[in-house]
Structure formats: structure tokens, C-alpha cells
Amino acid sequence: MEYKMIAPEHSEQVMEHLRRNFFADEPLNKAAGLCQNGSSCPALEAHCAEAIQHRMSVMAVDAKEKDTLKIVGVVLNGILKPGDTAKALSKLDCNDDADFRKIFDLLHRHNLKHNLFEHFDVDCMFDVRILSVDSCYRGQGIANELVKRSVAVAKKNGFRLLKADATGIFSQKIFRSHGFEVFSEQPYSKYTDENGKVILPVVAPHIKLQQLYKAICADDQDEKKQSL
């Protein structure tokens, strides 16, 4: 397996990977019925494209495929600044995809309520937004390596704090294995409308959203720079 930084010119190949894997399989997407396997979701693709433009994302490529770029896993990372989440929430009302709004209303409001910027007094964060591995390549440690490399990218670029919204039990375990800690949680069964109906009926074993973080001390950053 080879691991490479994702550039804007890889966008369509990354989207094709996500359409076949993440879009339909991710717990919140599945609960909302956001899209079918292999189908397009313009609102979600725009969200992914924004992260790619930050040039902080990493892909896993099958090295045995010599004649083509076969992407088997991606981690899409972005730069998050104070005010970005509030702006994104305000734009949701203009989005005509009700299922997309349902998912990101939860994510944005949870992040605003449990504010990492205020808690850690930082002016930007390294935001791990999407972690996806091709179903045919799972169990080979690809997701672990993608997260490991994301941490290295964050350190190289001088970030003090990494953040991830992990919606499923498997990604939560992976992030915690790389030193991420839980800052806040939202059980899906308790996320209800005014009538007490569960808004996103996520299927077990995925039972809660976790907002996780990893703080990077100055010594870690200095050590990383010296090794480059």
C-alpha cells in the first residue's frame, strides 16, 4: 500500500471512492437515508471538496495497480477556525437536501455547544472530517495508518489541536488508539424532536456521536520539525 497527499486534481477519483463506500455506509448517512451506494450526493460532495482544497488530506493507493490510481482509503482533513461552524450552520437553511440538513444540524450544533476553541484557547484546529476505507480492503490497518499520517501532517504544519467527530464505534476506537480523547458525546437515542421521536435512528453497534480531540505540545512539534 502507498500513502499520498490528496491534491485537488485527485478530487473526482476521491469522490468515486466515497460514493462506493462512505456515502452510503457511514452511520448517520445510513440512518438518514442520505444516498444509495454508488450514487451522488451534491451537498456531501461539496463538503468533501472543501476539505480537499485545504491540501491536508491523505489517500491510500493499491501499489499493485500499476496502470491506474486505485484509491482504497482516504482521510479528508480541513482547517477549522472560530466562526466557521456557526457560518456553516447558518447556511444549512439554504440547502434543499433535508437529509443532509438533519445530519449536519446535529454535528454543527453539538460542536457549538461543546466549544473546543474556547476550552483550549486556539485560533485554528486540524479537523479530521471523513475517514473511509474500501470494503474490500478493510482489516488491513489502512484506517489506522491514515489517522497516523494525519497526525503527522498536523504536527508538520504546526497545529496545536486535532479534532474529529466520530459517528461510529469503529472510527471512535481508531481515534482513541492514536491518543485522541473524548471531549463530548451525544447518544443517538436521546437526540429527539419536540415529540420525542429519534431524529436519526442509527443502528447498533453505533450508539453515539463522539467529539474527540488530540492536543499536540510544543515539544512534539519541535521534534517533528527536526526530523524533517
Side-chain angles (χ1 to χ4, degrees), residues 3-8 10-11 14-15 17-18 21-23 25-29 44-60 71-82 84-85 88 103-104 106-108 110-112 114-117 119-120 122-134 138 141-186 206 208-217 220-221 224:
Y3 293 86
K4 303 179 180 181
M5 297 298 295
I6 296 174
H10 301 130
S11 292
V14 170
M15 292 301 173
H17 162 83
L18 293 171
N21 297 281
F22 180 85
F23 282 9
D25 292 346
E26 189 277 329
L28 293 184
N29 293 352
L44 191 52
E45 291 187 18
H47 174 72
C48 296
E50 179 188 3
I52 291 173
Q53 290 298 321
H54 291 169
R55 296 178 178 268
M56 297 282 175
S57 302
V58 184
M59 60 184 173
I71 297 175
V72 301
V74 301
V75 57
L76 300 189
N77 305 313
I79 302 170
L80 193 65
K81 297 181 179 180
D84 285 352
T85 301
I103 294 167
F104 280 84
L106 164 61
L107 296 175
H108 293 333
H110 187 85
N111 277 273
L112 289 173
H114 306 278
N115 196 317
L116 286 167
F117 286 109
H119 186 83
F120 288 97
V122 293
D123 56 9
C124 65
M125 285 190 289
F126 188 92
D127 189 15
V128 186
R129 298 182 182 177
I130 288 177
L131 178 62
S132 172
V133 175
D134 190 305
R138 290 172 188 166
I142 295 172
N144 271 295
E145 186 64 24
L146 288 169
V147 172
K148 177 182 176 182
R149 288 174 181 262
S150 293
V151 173
V153 171
K155 289 181 179 179
K156 179 180 177 181
N157 286 276
F159 286 90
R160 290 173 49 204
L161 192 70
L162 293 87
K163 168 248 181 189
D165 293 322
T167 59
I169 189 172
F170 303 118
S171 60
Q172 290 164 4
K173 288 180 178 179
I174 290 170
F175 284 119
R176 290 199 301 272
S177 73
H178 287 276
F180 282 73
E181 299 181 52
V182 177
F183 186 74
S184 60
E185 296 182 332
Q186 172 61 62
H206 314 295
K208 58 190 173 185
L209 163 69
Q210 285 188 336
Q211 183 190 43
L212 300 112
Y213 72 93
K214 180 178 176 67
I216 301 174
C217 68
D220 289 338
Q221 292 174 336
K224 180 65 180 179

Inset, instruction - Evaluate the side chain to side chain contact (heavy atoms under 4.5 Å, CB included) criterion for residues Glu185 and Leu209: first the C-alpha distance (whole Å), next the side-chain angles of each, then the deciding distance (0.1 Å), finally the verdict. - result: CA-CA 6 Å; Glu185 296 182 332; Leu209 163 69; over 6 Å; no

Decide yes or no for [X] and [Y]: does some side-chain heavy atom of the first lie under 4.5 Å from some side-chain heavy atom of the second?
| X | Y | result |
| --- | --- | --- |
| Val153 | Asn77 | no |
| Phe23 | Glu45 | yes |
| Arg160 | Ile216 | no |
| His178 | Lys148 | yes |
| Arg129 | Glu50 | yes |
| Phe104 | Leu44 | yes |
| Phe180 | Ile174 | no |
| Phe159 | Val122 | no |

Main-chain N/O of [Y] paired with [X] side-chain donor or acceptor, under 3.5 Å:
| X | Y | answer |
| --- | --- | --- |
| His110 | Leu107 | no |
| Asn144 | Gly141 | no |
| Gln172 | Val182 | no |
| His206 | Thr167 | no |

Distance (rounded to the nearest 0.5 Å) between [X] [atom1] and [Y] [atom2]:
| X | Y | atom1 | atom2 | result |
| --- | --- | --- | --- | --- |
| Met125 | Leu116 | CE | CG | 5.0 Å |
| Arg149 | Ser57 | CZ | OG | 14.0 Å |
| Ile130 | Ser171 | CD1 | OG | 11.5 Å |
| Gln210 | Lys173 | CD | NZ | 11.0 Å |
| Gln53 | Leu76 | CD | CG | 11.5 Å |
| Asp165 | Ser184 | CG | OG | 8.0 Å |

Quick check: closest heavy atoms across [X] and [Y], and the distance to 0.1 Å?
| X | Y | value |
| --- | --- | --- |
| Ser132 | Asn21 | OG-CB, 3.8 Å |
| Lys81 | Cys124 | CG-CB, 4.2 Å |
| Glu145 | Tyr3 | CG-CZ, 3.4 Å |
| Ala7 | Arg55 | CB-NH1, 4.3 Å |
| Gly73 | Leu146 | C-CD1, 3.8 Å |
| Asn29 | Glu26 | N-OE1, 2.6 Å |

Legend entry - Verdict with supporting geometry, Val128 and Val147, side chain to side chain contact (heavy atoms under 4.5 Å, CB included): CA-CA 8 Å; Val128 186; Val147 172; 5.6 Å; no

Inset, instruction - Measure the acute angle between the ring planes of Phe120 and Tyr213, then classify it against the limits of 30° and 60° as parallel, tilted or perpendicular. - result: tilted

Legend entry - Polar contact flag, side-chain donor to acceptor under 3.5 angstrom, Asn111-Thr85: no

Legend entry - Ring centre gap for His17 and Phe22 strictly below 6.0 Å: no

